[in-house]
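The structure appears below as structure tokens.
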Amino acid sequence: MPRQYFDNLDLKILHALSENARTPYLEIARDYGVSGAAVHQRVQRLISNKVIVGSECRIDPSSVGFETCAYVGLFLRDPSQFASIIEALEKIPEVVECHFTTGQYDIFVKLHAHNNDHLLHLLQDQIQALGLARTETLISFKEVFKRQVPITND
């Protein structure tokens with residue numbers, strides 16, 4: 001998708017929604033001196049242009065029993081495996097992100113496990129069982145911060 005440019009109101013709306021996707025349109029409208037309908041129309045245009053691709057409710061994984069966060073680099077035996085490996089990874093609910101990458105790994109995933117034993121089970125019985133050449137795992141001790149990309153026209 002080509003880079004898009006936004007006017008001041010678009011930028012303000014994007015910034016407000018990236019801070020809190022549940023911010024009511026009327027609150028954004030009041031903050032920026034425009035009508036609620038103007039904000040609604042802008043948001044709909046940003047959605048149809050695929051600038052806004054969804055909104056989410058972030059859940060703290062540890063609060064629902066997932067204490068271990070890991071990043072796993074996957075090395076494929078055969079490049080023709082990409083589609084079938086991705087399809088299989090999508091069926092593992094604990095895998096929350098999947099990326100094609102350059103460099104060392106063919107695929108890089110983020111997953112959440114209940115504990116290290118559960119992580120070991122996921123790696124041995126589900127991920128490595130996909131017929132990979134090998135995997136490399138990094139365990140995250142703690143997410144220090146997570147944020148959206150900066151919203152600018154630069």
Side-chain angles (χ1 to χ4, degrees), residues 1-74 76 81-119 121-123 126-127 130 135-154:
M1 169 185 285
R3 171 128 166 53
Q4 297 190 33
Y5 293 90
F6 311 102
D7 67 16
N8 247 357
L9 181 56
D10 288 336
L11 291 172
K12 290 173 180 177
I13 291 169
L14 287 170
H15 179 73
L17 293 175
S18 70
E19 290 288 315
N20 179 0
R22 296 180 65 182
T23 305
Y25 294 170
L26 285 176
E27 183 179 322
I28 296 169
R30 270 193 303 275
D31 289 348
Y32 299 115
V34 296
S35 71
V39 172
H40 183 267
Q41 289 172 347
R42 295 292 185 108
V43 169
Q44 292 309 306
R45 183 176 46 80
L46 292 166
I47 290 170
S48 68
N49 289 338
K50 297 191 181 350
V51 174
I52 297 175
V53 292
S55 59
E56 62 182 31
C57 173
R58 290 187 53 210
I59 297 168
D60 177 0
S62 65
S63 72
V64 291
F66 290 88
E67 299 291 336
T68 301
C69 174
Y71 295 87
V72 184
L74 284 62
L76 303 183
Q81 289 180 290
F82 270 108
S84 63
I85 296 293
I86 296 302
E87 187 177 312
L89 289 169
E90 283 183 305
K91 293 177 182 171
I92 303 170
E94 294 87 349
V95 175
V96 297
E97 290 183 25
C98 181
H99 303 268
F100 289 128
T101 61
T102 63
Q104 185 173 353
Y105 311 113
D106 295 310
I107 299 172
F108 197 67
V109 300
K110 178 181 179 180
L111 63 85
H112 291 281
H114 295 296
N115 52 40
N116 287 350
D117 286 336
H118 183 214
L119 174 60
H121 162 73
L122 289 169
L123 292 172
Q126 294 190 45
I127 294 175
L130 299 175
T135 61
E136 188 172 298
T137 304
L138 305 165
I139 293 177
S140 170
F141 290 126
K142 180 180 181 178
E143 182 178 283
V144 180
F145 67 86
K146 182 176 181 172
R147 61 179 165 209
Q148 294 280 1
V149 296
I151 307 300
T152 66
N153 261 340
D154 297 340

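The chain is numbered in sequence order, starting from 1.
- A donor-acceptor contact closer than 3.5 angstrom links the side chains of Glu136 and Gln104.
- Note: Leu76 CG to Ile107 CD1 = 4.5 Å, rounded to the nearest 0.5 Å.
- The structure places CD1 of Ile127 at 6.5 Å from CG of Leu89, a figure rounded to the nearest 0.5 Å.
- Of all heavy-atom pairs spanning Ser140 and Tyr71, the tightest one is CB-CE1, 4.0 Å.
- Note that the CD1 atom of Ile28 and the NE2 atom of His40 stand 11.5 Å from one another [nearest 0.5 Å].
- Here the shortest heavy-atom pairing between Thr23 and Leu17 reads O-CD2, 4.0 Å.
- Heavy-atom minimum distance, Gly36 versus Ala29: N-CB, 3.6 Å.
- With values rounded to the nearest 0.5 angstrom, Ser18 atom OG is found 12.0 Å from Ile13 atom CD1.
- Residue Val34 comes nearest to Ala38 through the heavy atom pair CB-CB, 4.4 Å, listed as atom of the first residue, atom of the second, then distance.
- Counting heavy atoms from C-beta on, the side chains of Tyr105 and His99 never come closer than 4.5 Å.
- With Asp7 contributing its side chain and Leu9 its backbone, the two residues share a donor-acceptor pair below 3.5 Å.
- Screening His112, His114, Glu67 for a side chain to side chain contact (heavy atoms under 4.5 Å, CB included) involving Pro61 leaves a single residue, His112.
- In terms of heavy atoms, Leu14 sits closest to Ile151 at CB-CG2, 3.6 Å.
- Applying the salt bridge (charged side-chain N to carboxylate O under 4.0 Å, His left out) test to every pair with at least one member in residues 97-114, sequence neighbours left out, gives these pairs: Lys110-Glu143.
- Going from atom SG of Cys98 over to atom CD1 of Ile85 covers 10.0 Å, rounded to the nearest 0.5 Å.
- From Ile92, atom CD1 reaches atom CD of Gln126 across 4.5 Å, with rounding to the nearest 0.5 Å.
- Between Lys12 and Asp31 there is no salt bridge, since no side-chain N of the basic residue sits under 4.0 Å from a carboxylate O of the acidic one.
- Listed by chain and residue number, Phe82 satisfy the ring pair (Phe, Tyr, Trp, His ring centres under 6.0 Å) test with Phe100 (two or more places apart in sequence, or in another chain).
- No side-chain heavy atom of Leu122 sits under 4.5 Å from any side-chain heavy atom of Val72.
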Are Asp10 and Val51 close enough, and set up right, to give a side chain to side chain contact (heavy atoms under 4.5 Å, CB included), and what steps lead you there? CA-CA 11 Å; Asp10 288 336; Val51 174; over 6 Å; no
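- For the pair Ile59 and Val64, the minimum side-chain heavy-atom distance is below 4.5 Å.
- Here the side chains of Tyr32 and Val39 are not in contact, with every heavy-atom distance at 4.5 Å or above.
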